[in-house]
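Report on one structure; see the data block that follows.
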Amino acid sequence: MIFIGKIEEPTKYDYLIMLLLFSVSGFLFLLNNQIYLLFVLFSFYLLFLKQKKIIDKKYYIIIILLIALFSLQFFKFDFFPFITMIGILVKISIAYFAVKILNIKFTRTYSKVLYFITLISFIFYLITNLSHTFTTFLINNFSLYSVEHGWNEIKYSIGLYTIYENPIRNPGPFWEPGAFAGYLIIGIIFNLLRNKTIKDKETLILILGLLTTFSTTGYLAFFIVILMYLNLKKINPYKKYFISSFIIIISSLIFINTPFLFEKIEYQLDYASKQQLHLSSNSQRFLNILRDIKDFEGHEFIGRGPHKQTRFDNYITTTRTNGMTDIIVEYGIFFFILLVYLIYISSKSLFSYFNNKNGYVIFIIIIVVLLQSEIYFDYPLFWTLPFLSLIYNSNLKTKTDQFT
């Protein structure tokens, strides 16, 4: 398929499709809503059929491999969580159809919708930090969903915003500020690729949104994004290396001297080293890495599956928070390597499409960093990453494709 002529800005229907994709990727009040998930899948599939598109081999490969893994796990554990497995395939299908429907407008639509989500979050972020009375009014009259997620800690969803127990952290409409931070990082990268600058209004708003999340992982990822941005800039190589080295040094000093960054990680490492896994129910990231390592032992090739009945062994079942070790344990090392490879191909295709020969390896590093804090592959949005190479192919690009 050859694209001819000027690529138009996303339509209101494109924005709706992306909003639906975001909504099934972590809006708190829609978490685990199976009916809504099926509604989104059915809607996307109808649009896919309307556009008379053909399903790609890459989609079939992922689905068939997962079904094969589920079958092997069934024979190993004598347990087949049908609903859980169907849910995973549904989420991957939603991601695939969203990519195919939006086509080369995907990155533009993603950043634009996230820009408006971020602007809306600022309104409620200010309200919840300035007025406890009005915050209570919102909770009492507009709460759609609430969930306890810690000792006497409850978060409330009022639709496009989640009222968090710590109002200084901005979670947007998602389940956790760290999740919002990860999605913002991806949006910032998409904007940098398209616009070749960090100074445009939308990117600055996304960066401001990231700062309000107070996410340790989000900040670490952003330091790497800055290095990627320098790598994309066409400046003297020696000047580039000097500036990059300077940023690394400054970022390291900021990290070490910022309590909620360095001290938080230092405390978590120390805490994890002193705990007995079978007694602790704490879900902090380093404890979960240790739990995942225990889960992984003896199940390296086919994984333990996504259901808690086959997943956990001889210690307290708790929420997992490391997205990388989580998916390795669920599907085994070979599927994880395949997934990383597919994301690598997509990254390379995406950067090449936007006339950047370098930086795609840094993009992979950023994804790995983000996965250290959130189980993003439990949701459709991160499953779009392996499929981006299907639409961003420099061999199909013309010089007029400037608005994607």
Side-chain angles (χ1 to χ4, degrees), residues 22-23 25-29 31 110-130 135 138 147 149-150 153-192 198 201-226 228-229 251 254-255 257-265 267-268 283-285 319 321-324 366-376 378-379 381-382:
F22 272 114
S23 70
S25 299
F27 278 23
L28 183 62
F29 76 102
L31 288 182
Y110 180 105
S111 299
K112 194 74 172 181
V113 170
L114 191 57
Y115 166 75
F116 284 112
I117 288 174
T118 306
L119 287 177
I120 292 170
S121 79
F122 288 159
I123 298 172
F124 294 103
Y125 180 70
L126 290 174
I127 290 173
T128 54
N129 276 280
L130 295 177
T135 301
L138 289 174
V147 59
H149 66 113
E153 295 178 348
I154 301 176
K155 48 189 173 185
Y156 303 87
S157 172
I158 55 174
L160 288 177
Y161 194 75
T162 297
I163 298 178
Y164 211 60
E165 79 282 348
N166 181 2
I168 198 65
R169 300 190 66 194
N170 179 1
F174 302 101
W175 75 92
E176 209 268 337
F180 190 22
Y183 293 153
L184 286 165
I185 287 289
I186 300 298
I188 292 168
I189 293 172
F190 285 166
N191 271 352
L192 291 181
I198 205 169
K201 179 182 69 174
E202 288 184 17
T203 303
L204 291 175
I205 290 295
L206 296 184
I207 292 173
L208 181 59
L210 174 66
L211 294 176
T212 62
T213 65
F214 287 89
S215 166
T216 308
T217 305
Y219 285 10
L220 289 173
F222 185 64
F223 290 149
I224 304 174
V225 170
I226 297 299
M228 187 189 76
Y229 172 64
S251 299
I254 292 173
F255 175 76
N257 292 283
T258 303
F260 88 92
L261 291 175
F262 181 74
E263 290 181 11
K264 177 181 176 181
I265 291 179
Y267 167 77
Q268 289 188 355
S283 62
Q284 63 107 312
R285 74 191 70 193
T319 302
T321 54
N322 188 290
M324 188 174 77
I366 292 169
I367 296 299
V368 169
V369 169
L370 293 178
L371 286 174
Q372 302 311 304
S373 68
E374 302 292 344
I375 47 174
Y376 286 110
D378 272 9
Y379 306 97
L381 201 145
F382 259 57

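In terms of heavy-atom proximity, Val225 sits nearest to Leu192 at CG1-CD1, 3.7 Å. Heavy atoms only, all atoms of each residue included: Ser373 and Thr217 are closest at CB-OG1, 3.2 Å. Between Pro167 and Tyr125 the shortest heavy-atom distance is O-CE1, 3.3 Å. The minimum heavy-atom distance linking Gly172 with Ser121 is given by the pair CA-CB, 4.0 Å. Closest heavy-atom contact between Gly218 and Ala181: CA-CB, 4.1 Å. Scanning all heavy atoms of the two residues, the minimum distance from Gly178 to Ser215 falls at CA-OG, 3.8 Å.
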Full working for side-chain contact (heavy atoms from CB on, under 4.5 Å) between Tyr379 and Trp175: CA-CA 12 Å; Tyr379 306 97; Trp175 75 92; 3.5 Å; yes
Pair Phe122-Leu208, side-chain contact (heavy atoms from CB on, under 4.5 Å): steps then yes or no: CA-CA 9 Å; Phe122 288 159; Leu208 181 59; 3.8 Å; yes
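When side chains are defined from C-beta on, Val147 counts as touching Lys155, because their heavy atoms get closer than 4.5 Å. Within the 4.5 Å cutoff, the side chain of Phe382 has heavy atoms near those of the Leu370 side chain. Using a 4.5 Å heavy-atom cutoff, the side chains of Asn170 and Phe124 are not in contact. The shortest distance between side-chain heavy atoms of Leu210 and Thr213 falls below 4.5 Å. The shortest distance between side-chain heavy atoms of Thr118 and Leu114 falls below 4.5 Å. For the pair Ile226 and Ile198, the minimum side-chain heavy-atom distance is below 4.5 Å. Counting heavy atoms from C-beta on, the side chains of Tyr161 and Pro171 come closer than 4.5 Å. For the pair Leu184/Phe222, no side-chain contact is recorded, criterion being any heavy-atom separation below 4.5 Å from C-beta on.
A distance of 4.5 Å separates CD1 in Ile189 from CE in Met228, rounded to the nearest 0.5 Å. Expressed to the nearest 0.5 Å, how far CD1 of Ile186 lies from CD1 of Ile366 amounts to 7.5 Å. Here Tyr156 contributes atom OH and Thr128 contributes atom OG1; the two are 13.5 Å apart, rounded to the nearest 0.5 Å. Put simply, CG on Leu28 and CG on Leu160 are 12.5 Å apart, with the number rounded to the nearest 0.5 Å. To the nearest 0.5 Å, atom OG of residue Ser111 and atom CD1 of residue Ile205 are 13.5 Å apart. The structure places CD1 of Ile168 at 4.5 Å from CG of Asn129, a figure rounded to the nearest 0.5 Å.
Residues Tyr183 and Tyr376 place their aromatic rings such that the two centres sit under 6.0 Å apart.
Under the ring pair (Phe, Tyr, Trp, His ring centres under 6.0 Å) test applied with Phe180, the options Phe174, Phe214, Phe22 reduce to a single match, Phe174.
In this structure, Tyr219 contributes its side chain and Leu211 its backbone to a donor-acceptor pair below 3.5 Å.
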